[in-house]
Every structure is written in structure tokens, then in C-alpha cells.
Amino acid sequence: MSSSRIQAWLYDPVSTGKKLSPVTCFRRSFESGRGLLRLKVGALGLFDCRLDGERITDSLFTPGWCDYRKRAEYHCFERPVPAGPHTLEILLGGGWYSGHIAGKEDRVPMLWIEAALPDGGRFGADSRWECSSDGPLLYSDIYMGESCDLTWKWTVWRPVGVKKLELPLEAFSGIPVRCCAVLKPVSVTGTIVDFGQNLTGRERLRFHAPLGTKVVIRHAEMLNPDGSLYTENLRGAKAENTVVATGGEDFYEPDFTFHGFRYLEVRGADRFEAEAAVIHTDFTEHLSFRCSNPLLTKLAENIRWGWLDNALDVPTDCPQRDERVGWTGDAQVFVRAAHYLTDCSRFFRRWLKDVRAARDEDGLFPIVAPWLERFGGSAGTAGWADAGVICPWTVYEFTGDTSVLEENYAAMLRFNAARWNQFRQGHVPPARFGDWLNADDDTPKEFLGTAFLIRSLDLTARAAQVLGDEENRLILEYRERMARNFFRTNYQNDLHSQTAMALALRFRLLDDDRRQTVADALDRHVREARGMHLSTGFLGTPHLLHALSENGHADTAWALLEQTTCPSWLFPVLHGATTVWERWNSWTPESGFGDPGMNSFNHYAYGAVLDWIIGVAAGIRPDFTLDPHPGGSLEFLEAEYRGLSVRWEKMPSGGYRYFVSVPEGCEARFRGASLPPGKHEFEIGN
Ligand code: BGC
């Protein structure tokens, strides 16, 4: 429900909105009869709400992150209460609204509330609230970490500020963020704790230190050769929590901050025990995967972690350094893999509101959403802006739900129209980031601009067809043909990089009689020019193996997937990775860590290959069509997606045996034949 009514909001009148400001506690007492208390709580910032001393929800980072220029969000809670006096206490931190990630110094966090009491009474953001900012939380900042003094209590209460804001307020429509797992350390060496897994979340620390001692907790994804934390790649993110001890047995878990880490360093405690709270959007997971190559099984597991670690309320590039933002390019690259892994359509649909909200005045989609001023500009960038088309289309493909297209269609049309206008005037869409982080195999930016211009026209034309908009379908298809002719005249005989060839094949950019020549050239590039290695960046990687296997080179696709020397998917796995690295060479035995200026060990983009592993190797398509492509060194492979399971095994004869299990109420199709619910078995010879 969206409303643009003017609302009253609470704020702390002494808060300056400066970075590293104290967290404020808002408090209000009230009398109520016995029954159900209904609360709606929203914030510009992050809130943590307690009723009579108990957290009212297990959701974290509420209400989430959105484009604060355009709207704010609230969550709804219901709680049975006994008759009598009650107290609400709500902590309010800056979160994504202010503080370092927002890059703003003038934003005072605000709180909105509506309470409906069992006996019919109501109250909201009125002057009967009071607030205090001299409690334990000196600051709680997403990049910097938290400073907490357990010896402090909220004691000095003062009247709140109440301000009218005209800002549309919407019920949170995504999936809540929660603590989804708790990990115990695999080792503790002096002050260094190893959780054995690169994760997003924070520590839960039981510790003892003399009264007033400051315990310092730092986070890192990797260790230096001398066993100390490797933190250079965090750049400006301090990622440090400090907690002042009471002298008793203390417990500490930060509130409004999270970190991307595998290792902790805990200094200043006499003794401590640490656990890691794994925090992300609480998706239903619906994929399992295993095969006879343990490195490949581990790769799939790393891709899963990479997704969960980068899905804390919005899809992000990475969870550790001073970025952690909704880069649209990364999201469009990974969106298919994300759907194989999790039930994430609601998550993407909510994020797409912010992709639409951050369009420029011409309707070009942004490079980052929710909007951040420091990443403003560059709307329309090829491969990034196209997320505004590719993501809704993918959600539709995986769910069959046309309403996601309806929600995004007008914006998709406008985006294509704006691009077409540029193109008519002789400008192909800009491709600011090129084929980001390729392995010395650049693709010309004009090529990428033209390829994505055509891709978005094509997908939008398909959306027009689904929605029955004949008139726009014809226009889009006509424009697509024009752009394709332009492509054929200018590029089709001049494809050099793996990404150029893969995109030309996958986006159907070539004349039919050129397809095989290009596919063979791509195969040779991989085998001969690169010695059976890939060289694609973010934009080409999701398409590389498909381009090969769809055009007679499945063996090469398998060999690339199982390659273990750099650059490859399994090289990091062989060297102990537990997530997907940002660069093919984020770390190598010869050179150690890559350029710390940009070197995350938890970026999901290259993990897009999961779409090939499940969609082609296991052969499970989103619509339950099955077409497995066994190969490589594998003796067996098994995958289950939404209850549909496929296992194939190599037979001594060289052929394969297939076991398929179709869940109740579903139908699958295997090479043309319809498979009803139940178990099925086939043998297909060599
Ligand atoms: C991010 C990327 C992003 C890129 C834009 C980086 O700093 O981490 O993943 O897509 O900038 O090129």
C-alpha cells in the first residue's frame, strides 16, 4: 500500500546527522487491554523495536534499504499483550540512510510508527515519546563498524522532535533479513578466529575483561602469510567493532552493522568465545547439487554462499569493502543463478522498484540501485542499465508470473525508447565499464553498446508479446532488426574476444550462415589462443559455456568448467576459496593478493556459471523441461531444483543412465516426452 499523505515522524533533536553519530533510543509507555497489539514501524535509517524489553521480531536491518528520495518503508508486527502498562523502546541507527555508505552529513535518521491497541486506542509519532542518545551505542555504521560501551545505560531522556514529512510510505514488500545460521569457529589461534567460511554477518562474543577495558574486534576475509588479518582490500571500510567491558561475563553482538569476513581478531579480552551470525535475506532455498568432481561440487557451494552473502536486503557487489551497493550489472549477470538457488522473485521485484526510481530524466536505468549520489550518472551504461530489462524478464521466466512484466513494462519501453533516440542520432549506448575484469581480452565498447541495445530491444519485444501489446511489439522488433543490421555491417566479421563471440552467438546477432564459423572461432580461441582457458569478464562470463554447448562445442565447455589453472572457476576452489572471487586472479601463488584497490573475495558475478551447471549440465530448465548434457570427467551428477531431481551416471559402455524424480502436482518434459509425477529411469547409449 502506497500513500503520499503527509506523515508525522520522530527524530532526536540533538542528532546532527553526522557520520558516526550515537544511536538514539525512542521510548513511550502506554496502557492497554488484553489482546493483539498491531504495530507499523518505518524508518529513514534502521530500527530495532522492543516491547516490554523483548525484541518484537527476529527480522534484522529493518525496514531495509530503498531510494529515500522517493519513498520510505515500514514493517507490520502483531503481538499478543496482557492488560496493563507497556513500554515500547525503539533503537534508531543511520544504516543506509546516513553514515559512511550514504556519504551524507546532513541526514538525521527519522522514525515513523502507528500503534493500534487491542481496545481500539491508537497512537503514532507524537510528542508523548521521549528519547535518549547517551546509551551504550556510541555509533553503529555499516562500513566502519560499531562502538559499544556495555557500562552505559539509556538514562538521560528528553522530549522528541516531531516533523511532518511528505514522503510516500509503503509496506515492505521484500523478504525479511534474518540471522539464518550460526557458525562455530573451525580454529582459534591466539587472537585470530577462523570460521572456515567467508560470510556476511557479525560476531556473537562471550567474553571477560576488566571493567572499562576496550575489546577490539576486527574482520577480514583472508590472512597475510604471517597469520595476521589481511585488511588492505577493505579500503575505507574500517570494519572494526569495539566494546567496553563491564568486568562481568559479557555478551556482545553489534546492532546496525555487518561485515564480510571469515576471520576475526579479538584483542583486549582475558578470554572469549566467538560465534558468527550469518545474516542475509531469509530466502527459501530450493537447489541441491553434487557430482563426482569434488571441486565442482565445492564451486556450486561457493556460488551459493556468494549469493547469500550478497543478498542482505538488496543484491550487492560485495559485503566487505566500502562499497556493498546494488550494482545493477552484477545483478543482471547473476539473476538466473540466483533464481536456481532461491525463491527470490519478491526480493528482485522490490529491488526493481529502486532500479526504476533511480532512472535519469530520459528513462535510462542506473548503474546502482538504490540510488546513491556518489554513484550517480552513467545511466544507460551497457550491461549495467540493462538490468532494468533483464531482471524482470528473468523473474518472469522463472515464475511464469506476468505481473512482474506489468510492473516494469512502461519503464522498459521508455528505456528502449531513450536508447533508440541516441542510436538514431548516431550514438551507440555507452559501455563505461566494458567487459569488466576480463582476463586481458577486452571487447570494444561500441560492440558492447550495440549488443546490449539489441538484447534489451529483443527481451522487451518478448515482454510485449506476453502482455499482448502488438503495437509496441512490432515497433520493438523493427528497431531490433535495424540495430541488428547495423551490427552485421559493423561487427560481425570482426569479432576477436571470447566475450564478443559469446554475446554475438547468444544474443542472436549474426547472420545464420555466420553462426558456426563464429562458434568454431570461439572454440579455437579457448583451446589454442588461451590453452583451454576462459578470458571473459562480467558481461561475457554468463554466456560463454552456453555459446559453446549450443553450437557443437560442449566438450570445450566441460573442459573450461573443469579447468583448475588460472583463469578458471576451479582455480580459486583449488586454493581454498569458500566464495567466488571478484577477479580471476584475486590471489595467485606467484603474486599473492591482487591489487588491493579492488579485490574482493566475495563477488557473485563469475558465479553466473551456475546457470549452465544446472540449466545445461544437469539440464533442468526453469519450466521443468529436462535436457541434461553429461560430459567432462564426471562419473555422476545430481541436482534437485524445486523438488524436481535429475541424476545421471556414466555406464561402463560409455552411455549414460538417467534417474528423474518429478514432484507431485508437476509435470516435466524429457527430450520431448512428458514425465508425470514419480520416479523415472532411462538409459541412453553412446
Ligand atoms: C564493483 C563492481 C561493479 C563495478 C562497476 C566495482 O567497484 O565492485 O562489481 O559492477 O564497480 O564496474
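Values below: all heavy atoms of this structure, side chains included; hydrogens, waters and symmetry mates excluded. Atoms within a ligand are numbered from 1 in the order they appear, just like the ligands themselves.
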(Q) Assess the residue pair Arg455 and Asp386 against the criterion (salt bridge (charged side-chain N to carboxylate O under 4.0 Å, His left out)); give the C-alpha distance rounded to whole Å, side-chain angles, the decisive distance to 0.1 Å, and a yes or no. (A) CA-CA 8 Å; Arg455 180 62 160 178; Asp386 299 85; over 6 Å; no
**Q.** Nearest-neighbour protein heavy atom for atom 9 (O) of ligand 1, which is reported as residue plus atom name and distance
**A.** Asp330 OD2, 2.5 Å
Q) Are the side chain of His339 and the backbone of Arg336 linked by a donor-acceptor contact shorter than 3.5 Å? A) no
Q: Identify the protein heavy atom lying closest to atom 7 (O) of ligand 1, giving its residue, its atom name and the separation to 0.1 Å.
A: Glu323 OE2, 2.6 Å
Q.
I want to confirm something. Looking only at heavy atoms, which of Trp436, Phe433, Tyr604 is nearest to atom 4 (C) of ligand 1?
A. Trp436
Q) Taking the non-hydrogen atoms of Arg432, is any one of them nearer than 4.0 angstrom to ligand 1? A) no
Q: Under 4.0 Å from a heavy atom of Asp317: give me the atoms of ligand 1 that qualify, with their elements.
A: 1 (C), 8 (O), 9 (O)
Q: Inspect the contact between Lys19 and Asp141 and indicate whether a charged nitrogen and a carboxylate oxygen are less than 4.0 angstrom apart.
A: no
Q.
If the cut-off is 4.0 Å to any non-hydrogen atom of Arg321, which atoms of ligand 1 fall inside it?
A. 1 (C), 6 (C), 7 (O), 8 (O)
Q.
Can a side-chain donor-acceptor contact be found between His259 and Asn241 if the only test is distance below 3.5 angstrom?
A. yes
(Q) For a quick check under 3.5 Å, do Asp611 and His546 share a side-chain donor-acceptor pair by atom type? (A) yes
Q | Taking atom 5 (C) of ligand 1 as the reference point, the nearest protein heavy atom with its distance | A | Trp327 CZ3, 3.6 Å
Q) Relative to the heavy atoms of Glu582, which atoms of ligand 1 are at a distance of less than 4.0 Å? A) 8 (O)
(Q) Show me which atoms of ligand 1 lie under 4.0 Å from any heavy atom of Phe538. (A) 9 (O)
Q. Is any NZ, NE, NH1 or NH2 atom of the basic residue among Arg374 and Glu323 found under 4.0 Å from an Asp or Glu carboxylate oxygen of the other?
A. no
Q) Going by an N to O cut-off under 4.0 Å, is there a salt bridge joining Arg324 and Asp317? A) no
